[in-house]
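First the structure, in the form of structure tokens, and then the observations on it.
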Amino acid sequence: MNILRFFILIATFFVSMPVFSQTDSTAVRIDSLVAAPVSAKPKIIAPKDTTAKDKNKQKQEKGGVVKDSVRLALEAMPKRAAWSSAIIPGWGQIRNGRWWKTPFIYGGLVSVGLAYNFNQGYYKKLVKELQVRWRADHNQPREGDVNNPDFAPFEDNALISAKDFYRRNRDLSILGLLAVHTINIIDAYVDAKFFRYDISDKLGFNVQPTLLPPASFASAPPVPALKLTIPL
């Protein structure tokens, strides 16, 4: 009887071993969650600002040529000369060392000014004469104005044509005054712009007589000609 109980216990032990040997997946999953702590929230890494680096790189690329104070002064000369001539005609030429151009500038301004004064004077005289004649024809009071004896031989239509002629020349004189002043500014700017360029005689062309040799198969004498040399 005791032997039978012993065999039953042994059989029960071997039968229960596979059951205990199986692993509970749910328990393992729960244990793994407990064992491994919940990871913190992922850190958000802000993108690096490369704008400053790009700007620095561009500055380095552009700043390959370092401009010294002399070059900066030369580059500022054209604007200064143009503004100087715009304020006072001829001042920009004097600052560029071309003082001999100043008399020509003022000569042009004075000539155009005299033309304006001449045409404006005759225009006013003709307008006044026409007004006096119109008052006389319409029995209007002359208000102390009298006819100009210089215009007595001329008819009204001739005086009107002359008035329009002098008015047109007066307007052209104003445009001429503006043109001379503009040329003065442009000349000062261009002269200062080419200040640092070599404009010596070596840049000109050279013309000299020469002899052209004949062709190798011809028995003619050399031909006289002119030789034009342009250095580049």
Side-chain angles (χ1 to χ4, degrees), residues 70-207 228 230:
V70 177
R71 181 168 181 177
L72 292 175
L74 290 174
E75 291 180 354
M77 283 182 60
K79 291 183 179 179
R80 291 179 181 175
W83 278 108
S84 300
S85 292
I87 297 172
I88 301 177
W91 188 15
Q93 282 75 9
I94 295 175
R95 297 189 66 172
N96 293 337
R98 305 292 192 270
W99 58 267
W100 54 268
K101 293 183 179 181
T102 305
F104 294 98
I105 295 172
Y106 279 96
L109 294 174
V110 171
S111 300
V112 176
L114 292 175
Y116 170 83
N117 188 42
F118 174 81
N119 291 286
Q120 178 68 3
Y122 270 96
Y123 172 75
K124 287 183 176 180
K125 291 179 180 179
L126 290 168
V127 169
K128 185 177 180 180
E129 177 66 20
L130 290 171
Q131 290 175 350
V132 170
R133 290 188 181 188
W134 184 87
R135 292 192 186 101
D137 295 339
H138 293 79
N139 298 323
Q140 297 288 336
R142 296 189 177 185
E143 299 178 357
D145 295 334
V146 295
N147 294 85
N148 193 332
D150 296 335
F151 301 136
F154 303 100
E155 297 181 354
D156 294 349
N157 292 332
L159 294 180
I160 292 174
S161 298
K163 173 184 69 67
D164 295 339
F165 171 78
Y166 286 110
R167 181 181 62 184
R168 176 177 176 273
N169 289 344
R170 180 202 62 184
D171 297 341
L172 291 176
S173 300
I174 296 174
L175 295 178
L177 188 66
L178 295 176
V180 173
H181 189 59
T182 303
I183 293 173
N184 153 62
I185 298 173
I186 295 174
D187 175 75
Y189 181 86
V190 174
D191 198 4
K193 192 73 174 178
F194 290 97
F195 180 81
R196 61 178 180 269
Y197 288 92
D198 185 10
I199 53 176
S200 61
D201 296 336
K202 295 181 180 180
L203 298 179
F205 58 88
N206 184 22
V207 180
L228 176 63
I230 302 178

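The pair R168-D171 does not count as a salt bridge, with every side-chain nitrogen at least 4.0 angstrom from each carboxylate oxygen. Comment: K125 does not engage E129 in a salt bridge, judged by the lack of any side-chain N to carboxylate O separation of less than 4.0 angstrom.
When atom types are taken as modelled, the side chain of N117 and the backbone of G113 share no donor-acceptor pair closer than 3.5 angstrom. Formation of a donor-acceptor pair under 3.5 Å by the N184 side chain with backbone atoms of G90 is found in this model. Between the Y189 side chain and the G92 main chain, no donor and acceptor come within less than 3.5 Å of each other. Side-chain N or O atoms of N119 include one that pairs as donor or acceptor with a backbone N or O of A115 at under 3.5 Å.
Summarising the geometry, atom OG belonging to S85 is positioned 7.5 Å from atom CG belonging to D187; distances are rounded to the nearest 0.5 Å. To the nearest 0.5 Å, the span separating CD1 on I88 from CD1 on I105 amounts to 12.5 Å. In this structure, CG in N169 is found 13.0 Å from OH in Y123, a value given to the nearest 0.5 Å. If you take CD1 on I186 and NE2 on H181, they are separated by 11.0 Å, rounding to the nearest 0.5 Å. Note that the OG1 atom of T102 and the CD1 atom of I94 stand 4.0 Å from one another [nearest 0.5 Å]. Interatomic distance, CG of L109 versus CG of L114, reported as 11.0 Å (0.5 Å rounding).
Side-chain contact between L177 and Y116 is absent, with no heavy atoms from C-beta onward closer than 4.5 Å. N96 places none of its side-chain heavy atoms less than 4.5 Å from the side chain of K101.
For Q93 and R98, the side-chain atoms include no donor-acceptor pair closer than 3.5 Å.
Heavy-atom minimum distance, A192 versus P78: CB-CA, 3.6 Å.
The environment of CZ in F104 is sparse: at most 12 heavy-atom neighbours from other residues, nucleotides or ligands sit within 6.0 Å.
Ring pair Y122/Y166 is parallel by interplanar angle, where below 30° counts as parallel and above 60° as perpendicular.
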